[in-house]
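Here is the naming used below: chain letters follow the sequence lines, and residue numbers restart at 1 for every chain.
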Number of protein chains: 2
Amino acid sequence: MNDKHISPAEREVMRVVWSTHPITSKDIFEVLKDKTEWKMATTKTLIGRLVKKGVLTTEAVGRRFEYSPAVTEEETIKESSNDLLNQICTKKVGETIYMMLEDSTVSVDDLKALERLIQKKKQTAPKVVACDCVIGQCTCE
Amino acid sequence: MNDKHISPAEREVMRVVWSTHPITSKDIFEVLKDKTEWKMATTKTLIGRLVKKGVLTTEAVGRRFEYSPAVTEEETIKESSNDLLNQICTKKVGETIYMMLEDSTVSVDDLKALERLIQKKKQTAPKVVACDCVIGQCTCE
DNA sequence: CCTTGTCGTTTACACCTGTAAACATTACTT
DNA sequence: AAGTAATGTTTACAGGTGTAAACGACAAGG
């Protein structure tokens with residue numbers, strides 16, 4: 001099924017492919033070798049796993065392959081974000097996003113976009129978010 | 001070292017302990033058993049790992065233990081958030097936070113707090129965030 | 001044609017994670 | 001005092017992850 005989970009090491013490979021595709025394993029390795037210090041073999045393993053999972057597509061060019069992404073970076077980031085936010089009480093999601101923004105450097109335009117989003121969300125935002133935790137698993141009670 | 005990484009299953013246990021402490025393994029199990037369907041044995045294993053990692057402290061009460069957290073939930077959420085955001089181009093952090101907010105339900109007060117934070121951040125926000133990616137790993141170039 | 005390099009595939013292996021049974025010890029019950 | 005229940009500790013085991021060597025097949029060079 002939707003077993004498209006991408007590990008951190010695999011994501012390094014994907015980022016290269018998202019940036020440039022189609023691309024050969026050699027070229028992926030060239031981009032990553034300084035950053036990661038991986039051996040070619042390591043890159044090959046990760047590519048293999050990504051292909052098997054179906055998040056990389058291959059196109060045969062002669063005897064070799066060229067790789068392209070089968071999922072977008074956004075999709076996968078969204079998935080990872082959900083994995084994170086689903087681990088905390090719905091009531092704490094707001095604070096969590098706050099902390100993230102607080103600790104991040106974002107551009108003026110990003111801030112403006114966020115501002116607009118906030119204006120829009122204000123129209124439908126609840127006074128208080130319902131806590132959906134099991135009793136005993138958070139302090140909202 | 002600072003090897004305080006908490007896995008999703010371990011976090012389930014921590015959330016119970018953050019909510020109520022000191023607490024016994026029995027009571028942790030009681031809170032989780034409906035949600036997770038874990039056997040007592042599973043809970044015990046996770047508690048053991050958390051204690052070994054030093055994120056749970058124990059206090060002997062007679063022959064038994066009572067557990068308390070040695071780290072705050074905030075700390076651990078911050079760590080997980082960083083793990084996520086560090087996997088994407090600095091330039092895309094803004095959009096990522098945007099997506100998260102877009103997909104989340106947050107309260108009016110949360111939105112107000114975010115608004116204030118944005119006002120504050122606007123004073124020092126760069127026109128454009130510098131991309132720190134390795135060349136070939138993102139499309140900012 | 002034989003050698004060598006290249007690239008995909010297989011195999012390797014240790015550590016982490018989810019899930020749990022088995023075991024040891026002690027406290028409680030009869 | 002002996003059996004039983006509760007609880008911490010050990011052991012188990014499959015699947016994921018990071019890291020990489022070994023293998024096999026083909027292409028290019030000599």
Asks: With a 4.0 Å limit, can you tell me whether K26(A) has a side-chain N or O closer than that to the phosphate oxygens OP1/OP2 of dG5(C)?
Replies: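 So the side chain of K26(A) is outside the cut-off, no N or O lying under 4.0 Å from OP1 or OP2 of dG5(C).
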
Asks: In this structure, how many angstroms lie between the C1' atom of dC7(C) and the CZ atom of F29(A), rounded?
Replies: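 In whole Å, dC7(C) C1' lies 13 Å from F29(A) CZ.
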
Asks: Has the side chain of W18(A) got a donor or acceptor atom that lies under 3.5 Å from a matching backbone atom of V71(A)?
Replies: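 Checking the backbone N and O of V71(A) against the side chain of W18(A), a donor-acceptor pair under 3.5 Å is found.
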
Asks: Consider the side chain of R64(B), meaning its heavy atoms from C-beta on, and name the nucleotide among dG18(C), dA27(C), dT17(D) that approaches it most closely.
Replies: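 It is dA27(C).
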
Asks: With a 4.0 Å limit, can you tell me whether T45(B) has a side-chain N or O closer than that to the phosphate oxygens OP1/OP2 of dG18(C)?
Replies: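 Negative; the distance criterion is not met.
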
Asks: Mind calculating the distance between NZ (K35(B)) and P (dT19(C)) to the nearest angstrom?
Replies: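 Taking atom P of dT19(C) as the reference, NZ of K35(B) is at 12 Å.
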
Asks: In whole angstrom, give the distance that lies between atom CG of L50(B) and atom P of dT19(C).
Replies: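 Computing the L50(B):CG to dT19(C):P distance gives 14 Å.
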
Asks: dT19(C), dT7(D), dG18(D): which one has an atom nearest the side-chain heavy atoms of S7(A)?
Replies: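 Selected nucleotide (nearest to the side chain): dG18(D).
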
Asks: Select base, sugar-phosphate, or nothing to describe what K44(B) touches, counting heavy atoms under 4.0 Å on all strands.
Replies: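 The answer is base, as K44(B) lies within the cut-off (heavy atoms under 4.0 Å) of a base atom.
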
Asks: Heavy-atom nearest nucleotide on DNA chain D for E66(B) versus K39(A): which residue maps closer to 5'?
Replies: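 With E66(B) and K39(A) compared, the 5'-side residue is E66(B).
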
Asks: With a 4.0 Å cut-off on heavy atoms, is T42(B) in touch with a base, just the backbone sugar-phosphate, or nothing at all?
Replies: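 Result for T42(B) = base.
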
Asks: Is R49(A) side chain donor-acceptor paired with the dT19(D) base, going by distance under 3.5 Å alone?
Replies: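 Answer is yes: a donor-acceptor pair is held.
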
Asks: Report the distance from atom NZ of K52(A) to atom P of dG8(C), rounded to the nearest whole Å.
Replies: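 Going from K52(A) (NZ) to dG8(C) (P), I get 16 Å.
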
Asks: Over all strands shown, is Y67(A) touching base, sugar-phosphate only, or nothing at heavy-atom distances under 4.0 angstrom?
Replies: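 Answer is sugar-phosphate: Y67(A) comes under 4.0 Å of backbone atoms only.
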
Asks: Should V31(B) and D27(B) count as side-chain neighbours, where that means a heavy-atom distance under 4.5 Å?
Replies: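 In short, these two side chains do not touch, never coming nearer than 4.5 Å.
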
Asks: Rounded to the nearest angstrom, tell me the gap between atom CG in L46(B) and atom P in dT7(D).
Replies: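 The answer, rounded to whole Å, is 17 Å.
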
Asks: Just how far, in rounded Å, is C1' of dT17(D) from NE2 of H5(A)?
Replies: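 Answer to the nearest Å: 10 Å.
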
Asks: Please pick, from dT19(C), dT17(C), dT17(D), the nucleotide with the shortest atom-to-atom distance to any side-chain atom of E10(A).
Replies: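 Comparing dT19(C), dT17(C), dT17(D) against the side chain of E10(A), the answer is dT17(D).
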
Asks: With a cutoff of under 4.5 Å between side-chain heavy atoms, which Ile, Leu, Val, Met, Phe, Trp and Tyr residues group with L84(B)?
Replies: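 Its cluster mates, by chain and number, are L84(A).
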
Asks: What nucleic acid atoms does T24(B) come within less than 4.0 Å of, heavy atoms only: base, sugar-phosphate, or nothing?
Replies: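 No contact at all - T24(B) keeps every heavy atom at 4.0 Å or more from the nucleic acid.
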
Asks: Take atom CZ of F65(A) and atom P of dC26(D), then tell me their distance rounded to the nearest Å.
Replies: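 Going from F65(A) (CZ) to dC26(D) (P), I get 13 Å.
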
Asks: Q119(A) and E115(B): side-chain donor and acceptor closer than 3.5 Å?
Replies: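 A pair is found: one side chain offers a donor N or O, the other an acceptor, under 3.5 Å apart.
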
Asks: Is a side-chain donor or acceptor of D110(A) paired with a backbone partner of S107(A) at a separation under 3.5 angstrom?
Replies: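 Answer holds: yes.
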
Asks: Taking CE from M40(A) and C1' from dC23(D), how many angstroms apart are they, rounded to a whole number?
Replies: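 That distance rounds to 15 Å.
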
Asks: Is R63(B) touching bases, backbone alone, or none of the nucleic acid, heavy atoms closer than 4.0 Å?
Replies: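 Counting heavy atoms under 4.0 Å across all strands, the contact made by R63(B) is with sugar-phosphate only.
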
